[in-house]
2 protein chains.
Amino acid sequence: MAQRIQNLRRAPTSDSMARALDLSGRRWALRIVWELRVGPLNFRALRSACGDISPSVLQSRLHELRNDQIIEKIPGLGYRLSTGGEKLFQVLAQLDKWSGTLSDGSRRSK
Amino acid sequence: MAQRIQNLRRAPTSDSMARALDLSGRRWALRIVWELRVGPLNFRALRSACGDISPSVLQSRLHELRNDQIIEKIPGLGYRLSTGGEKLFQVLAQLDKWSGTLSDGSRRSK
DNA sequence: AATCATTGCTACCGATAGCGTAACAATCAG
DNA sequence: CTGATTGTTACGCTATCGGTAGCAATGATT
């Protein structure tokens with residue numbers, strides 16, 4: 001593993017990766033993708049799945065995610081992952097596994 | 001009542017995953033981890049690697065990431081990924097691959 | 001020692017993003 | 001019709017972010 005890091009030593013962060021990281025850095029963006037993993041959810045169901053996130057923020061994220069073609073809106077059904085979104089979900093599945101190792105004594109710092 | 005269709009079966013998002021997603025949702029958090037993949041960087045180098053992020057935000061993220069034991073501070077060397085941080089890096093490597101497929105026509109929406 | 005450069009970091013403040021609540025029109029059930 | 005449920009927007013408030021400047025501490029150079 002130290003070797004793997006070694007090999008990447010000179011690769012600068014790609015534009016696409018910077019975009020992906022920027023996307024991830026918006027509140028609720030990944031959570032929304034994660035909640036859609038089980039199938040389509042409509043606006044209100046999605047909202048409650050995310051712990052009653054503010055509807056204005058949800059609306060923003062939905063637009064952005066649609067813009068990036070990660071989710072799509074199906075009239076009468078709600079929102080669901082696109083093909084690309086399902087690929088992103090695979091990554092999040094890894095994150096889910098990793099999250100189990102997150103130290104527990106970590107509450108918001110200041 | 002239409003809700004009977006929605007909330008049938010769903011593995012609820014675990015607390016640890018919610019924490020991980022929350023962490024990812026803070027600006028620059030994952031980018032910082034990503035930039036540290038090449039090895040330790042000191043405060044100013046890290047800042048410039050992230051595209052001259054505001055030092056106050058960087059400082060906050062560094063505290064939080066240290067709190068979650070994702071990075072550690074090495075006196076005289078700067079900041080580097082901890083063991084857990086390197087595991088997170090593996091996940092980000094997946095994200096990096098995925099990012100290549102991110103649709104290009106997506107500029108910030110509002 | 002005096003000077004200069006570099007370091008990590010903080011202070012300040014304007015700008016933006018996010019939150020919470022309340023509503024709205026449209027649709028559909030009864 | 002009435003009443004419930006939908007997606008969505010409006011509003012005002014707070015928290016977070018961003019940009020610039022500046023500090024004290026350390027180390028090198030003269």
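- Atom CG of B:D15 is surrounded by 12 or fewer heavy atoms from other residues, nucleotides or ligands within 6.0 Å.
- The separation between A:I32 atom CD1 and C:dG18 atom P is 11 Å, rounded to whole Å.
- Atom P of nucleotide D:dG7 and atom CG of A:L46 are separated by 9 Å, given to the nearest angstrom.
- Taking atom CG on B:L62 and atom P on C:dT7, their separation rounds to 16 Å, with Å as the unit.
- Whole-Å rounding puts the B:R27 CZ to C:dA17 C1' distance at 6 Å.
- Of all nucleotides listed (C:dT21, D:dC17, D:dG7), C:dT21 comes nearest to the side chain of A:P55.
- One finds a side-chain N or O of B:W28 lying less than 4.0 angstrom from the OP1 or OP2 phosphate oxygen of D:dG18.
- At a threshold of 4.0 angstrom between heavy atoms, the contacts of A:R44 include nucleobase atoms, whether or not backbone atoms are also involved.
- For D:dG7, neither phosphate oxygen OP1 nor OP2 lies less than 4.0 angstrom from any side-chain nitrogen or oxygen of A:Q59.
- In this structure, A:G78 and A:S56 both approach DNA chain D, and ranking their closest nucleotides by distance from the 5' end singles out A:G78.
- B:N42 places a side-chain N or O within 3.5 Å of a backbone atom of B:R44 that can act as its donor or acceptor partner.
- Side-chain atoms of A:R47 lie closest to C:dT21 of the nucleotides D:dG7, C:dT21, C:dG18.
- Dashed line: the shortest gap from a side-chain N or O of A:R61 to OP1 or OP2 of C:dG18 is under 4.0 Å.
- Along DNA chain C, the nucleotide closest to B:G25 and the one closest to B:A45 are compared, and the more 5′ of them pairs with B:A45.
- Both the sub-6.0 Å distance and the 45° axial angle are satisfied by A:R37 relative to the ring of A:W34.
- Proximity of A:K73 to the phosphate of D:dT8: a side-chain N or O atom is located under 4.0 Å from OP1 or OP2.
- Side chains of A:S14 and B:D96 form a contact here, defined as non-hydrogen atoms less than 4.5 Å apart.
- In the interface, the side chain of A:S54 is not paired with the base of C:dG18 through any donor and acceptor atom under 3.5 Å apart.
- One finds no side-chain N or O of B:Y79 lying less than 4.0 angstrom from the OP1 or OP2 phosphate oxygen of C:dT7.
- As rounded to whole Å, 10 Å separates atom P of C:dG8 from atom CG of B:L58.
- In this structure, A:R31 places its CZ atom 12 Å from P of C:dC19, rounding to the nearest Å.
- When the P atom of C:dG20 is taken as reference, atom CD1 of A:I53 falls 10 Å away, rounded to whole Å.
- A salt bridge links B:R26 with B:E64: the distance from a Lys NZ or Arg NE/NH1/NH2 to an Asp or Glu carboxylate oxygen falls below 4.0 Å.
- Protein atom CZ of B:R66 is 7 Å distant from nucleotide atom P of C:dC9, rounded to whole Å.
- The side chain of B:F43 lies closest to C:dC9 when the candidates are C:dC19, D:dC17, C:dC9.
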